[in-house]
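We count ligands from 1, going down the list as the structure has it; atoms in each ligand are counted the same way. Small disclaimer: the values here were computed from a predicted structure and weren't measured.
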Amino acid sequence: MRRLDTDVLILGSGGAGLFAALHAHRADPSLDITVAVKGLLGKCGCTRMVQGGYNVALAKEDSVERHFMDTIEGGKWLPDQELAWMLVTLAVERIRELENELGCFFDRNPDGTVHQKAFAGQTFDRTVHKGDLTGIEIINRLAEQVWARRIRRLEDHRAVELLKTRSGDALAGVLMIDMHTGEYVLVRAKAVLLATGGGPTMYRYHTPSGDKSCDGLAMALRAGLPLRDMEMVQFHPTGLLAGTHTRMTGTVLEEGLRGAGGHLLNGAKERFMPRYDPLAERATRDFVSRAMVTEMRRGALSPNGGLYISMAHLGPERVARDFKGMVERCADCGFDLAGGLVEVVPTAHYLMGGVEFAPDCSTALPGLFVAGEDAGGVHGANRLGGNGVANSTVFGAVAGDTMAAWVRDEGVLAEPDPAALDAAIARCEPPAASTHGGLESLRERLYGVMWDKVGVIRDRAGLAAALGELAQLDAELAATGVAGAERAFNLSWHDWLNLRSLAQVSRSIATAALARENSRGAHYREDFPDAGALERSAYSSLRLEGERFALEMKPVAFTRVKPGETLL
Ligand SMILES: Cc1cc2nc3c(=O)[nH]c(=O)nc-3n(C[C@H](O)[C@H](O)[C@H](O)COP(=O)(O)OP(=O)(O)OC[C@H]3O[C@@H](n4cnc5c(N)ncnc54)[C@H](O)[C@@H]3O)c2cc1C
């Protein structure tokens, strides 16, 4: 087995991973830092896909208190208030760093101030952007800065297990697979950052990049770490629905279409949103997604089984001018967004849940740190559009600073428990007998269970049935072989590993969803439609004990503001 020792190992090269690398390097340029990533650095993950932009209170009329209140109220009083406060205050520093030190160009007003646009759920227009390709600007500049420094890159290297020391009370390193050769690689590190970006790709319709399969969360579960808010899966209302033959199905048609006055129509081509909410199509993501699924259940469906968005009443020329990228994306799939109808369906977009962590990004396992979408607690029951990339950059930077100090004060290179290493390798080995073609049908079953029973609208019977089906699916997956003995770039093998992570994390989502007997933000229970008392808000915290999940509902600490109060 190839072996490598490093001071700081960063898993993932999104906004969280790259910011962590730059900050750790700045804190101590002599550190040996390694960024290991499942794809190519700068080319994978969801930060690159960010279209809309980055929330930050910059304008004189805005304030961090207002951004904080929007985040708490948007999160239905479930966010950890100290983490949310760090998000809104440190976003101001990070956006300056992105512009003035790292070289990002964001759109500006004629008077030279940074242009900030409106996003849903905010009481102030505070979303900084670069046209509608903000993520490419951020990731390209971060990647260039990482390339320019003495930071090691392990590209196409996939983390598969967190390895503890023999005593089990600290992290020793990570088992990885070099996807080029198929060899196992053992990386020992004094500090490890989990920044693999969550990503709810277990749903039939989903937006995140294909490299994301919840590997980080699955590794954290197997390491015995607590995950919070796992029932909170955000659905974006307008996923493109273009049939099963194209990967474009599920990708986002941006919120600005509804914001500009777009109408949602059912299969009978009737507008339905005004029947559900006075704000109609401009209601928040969770509300519109729920109304759409309710309408779909009534039975009037588009040819691919969804609904339509219609923009033509706004004037095809205006639509073509204002939404050029979206019009082209739809045209590629045979739809005329400017003058006709485009099929849409709600699509799984973001996991608010993740590993429980302290404000310095440390976790319950000494030596392991977490940041970005893998980390839970910042957003509570809902993530505001624009708070995702702010979250990954803010906490990535904090993690980089913390890990540099940790390596200096407490870092040791330890040997992993040999039995745990053997067990981790055995877990990655599919059975020898190949049931060729089995993975596709297992994937379709996973998509179906999660979409139908753990999706936008949930109830006890569906969730209980889903847990049974997921356990069965997990067992069948473990017994399914993959095609081809060759390990170099064996994508079937990686698909098998992806599905194993997704199945495990899906079970945690269904478990938490069954435990939450109320409806908050993204989590809606038909059998418990009320939000429950806000002053007794509790968050779900679960961990894997053997094969079973142990779950507790823990009270939210209102450390800065209580329900009914405001900081404004
Ligand atoms: C289409 C789309 C549009 C979005 N638009 C916005 C927006 O406008 N504003 C906003 O705030 N947020 C937006 N988001 C959300 C935002 O992208 C995320 O919140 C944020 O980028 C997550 O950053 P991250 O660093 O945690 O993860 P990512 O940027 O996703 O990076 C994860 C990294 O981990 C790597 N990885 C995964 N598994 C492994 C493994 N096993 N081993 C090694 N590496 C691994 C991946 O390859 C990747 O490099 C959008 C998301 C999508 C999908």
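Considering backbone and side-chain N/O of D211, one or more are found under 3.5 Å from N/O of ligand 1. Of the polar atoms of A16, at least one N or O is found under 3.5 Å from an N or O of ligand 1, judged by distance alone. Looking at ligand 1, you'll find an N or O of G15 within less than 3.5 Å of one of its N or O atoms. Looking at T207 next to ligand 1, no N or O pair under 3.5 Å apart turns up. No N or O atom of V252 sits closer than 3.5 Å to an N or O atom of ligand 1. Any N or O atom pair closer than 3.5 Å counts here, and D215 shares at least one such pair with ligand 1. Annotation: A390 places no N or O atom under 3.5 Å from an N or O atom of ligand 1; distance criterion only.
Atoms of ligand 1 lying under 4.0 Å from any heavy atom of V389, numbered from 1 in the order shown and given with element: 10 (C), 11 (O), 12 (N). Near G372, meaning under 4.0 Å from any of its heavy atoms, are these atoms of ligand 1: 26 (O). Listed by number with element, the atoms of ligand 1 under 4.0 angstrom from any heavy atom of R158 are 41 (N), 42 (N). Close contacts of ligand 1 with G388, meaning ligand atoms under 4.0 Å from a residue heavy atom, involve 10 (C), 11 (O), 12 (N), 19 (O). When each atom of ligand 1 is checked for a heavy atom of G52 under 4.0 Å away, the hits are 8 (O). The atoms of ligand 1 that sit less than 4.0 Å from any heavy atom of G386 are 9 (N), 10 (C), 11 (O). Listed by number with element, the atoms of ligand 1 under 4.0 Å from a non-hydrogen atom of A195 are 32 (C), 33 (C), 34 (O).
Protein heavy atom in closest approach to atom 26 (O) of ligand 1: E373 N, 2.9 Å. What sits closest to atom 12 (N) of ligand 1 on the protein, heavy atoms only, is R383 NH1, 3.3 Å. Counting protein heavy atoms only, atom 28 (P) of ligand 1 is closest to C46 N, 3.5 Å. The single protein non-hydrogen atom nearest to atom 42 (N) of ligand 1 is A159 N, 3.0 Å, given as residue, atom name and distance. From the protein, the heavy atom lying nearest to atom 35 (C) of ligand 1 is G12 CA, 3.7 Å. Looking from atom 19 (O) of ligand 1 to the surrounding protein, the closest heavy atom is Y350 CE1, 3.1 Å. The nearest protein atom to atom 21 (O) of ligand 1, hydrogens excluded, is given as T47 OG1, 2.7 Å; this is a heavy-atom distance. Given atom 27 (O) of ligand 1, the protein heavy atom at minimum distance is G197 CA, 3.4 Å.
Only backbone heavy atoms of N387 (N, CA, C or O) come within less than 4.0 Å of ligand 1; its side chain stays farther off. Counting heavy atoms closer than 4.0 Å to ligand 1, residue Q51 contributes backbone atoms (N, CA, C, O) but none from C-beta onward.
Remark: side-chain polar atoms of R126 are not paired, donor with acceptor, to backbone N or O of N55 under 3.5 angstrom. Checked by atom type and distance alone, the side chain of K212 never pairs as donor or acceptor with a backbone atom of G199 at under 3.5 Å.
Residues F235 and Y203 place their aromatic rings such that the two centres sit under 6.0 Å apart. Close placement of the H180 and F489 rings is indicated, their centers lying within 6.0 Å of each other.
Heavy-atom neighbours of R96 CZ from other residues, nucleotides or ligands within 6.0 Å: at or below the threshold of 12. More than 12 heavy-atom neighbours from other residues, nucleotides or ligands sit within 6.0 angstrom of NZ on K117.
Taking 4.0 Å as the cut-off between side-chain N and carboxylate O, R141 and E99 do not count as a salt-bridged pair. Salt-bridge formation is detected for the pair R26/E101: a Lys NZ or Arg NE/NH1/NH2 atom is positioned less than 4.0 Å from an Asp or Glu carboxylate oxygen. Using a 4.0 Å cut-off between charged side-chain N and carboxylate O, R285 and E255 make a salt bridge. Using a cutoff of 4.0 Å between basic side-chain nitrogens and carboxylate oxygens, E97 and R94 are scored as salt-bridged.
Distance check, rounded to the nearest 0.5 Å: CG of D286 to CG of N382 gives 4.5 Å. Rounded to the nearest 0.5 angstrom, D7 CG and W406 CH2 are separated by 13.5 Å. If you take CG on L163 and CG on L186, they are separated by 6.5 Å, rounding to the nearest 0.5 Å.
Remark: among candidates V35, V50, L41, V37, the nearest residue to atom 7 (C) of ligand 1 is V50, based on non-hydrogen atoms. The residue among M49, H349, E155 with a heavy atom at the shortest distance from atom 51 (C) of ligand 1 is H349. The nearest non-hydrogen atom to atom 44 (N) of ligand 1, considering only K38, H157, M219, comes from K38.
Under the salt bridge (charged side-chain N to carboxylate O under 4.0 Å, His left out) test applied with R158, the options D211, D495, D215 reduce to a single match, D215. When E373, R383, H379 are each tested for a side chain to side chain contact (heavy atoms under 4.5 Å, CB included) with N391, only one passes: H379.
Under a cutoff of 6.0 Å and an axis angle of 45°, R66 and F124 do not form a cation-pi pair.
Residue-ligand proximity: S13 is placed with a non-hydrogen atom under 4.0 Å from ligand 1.
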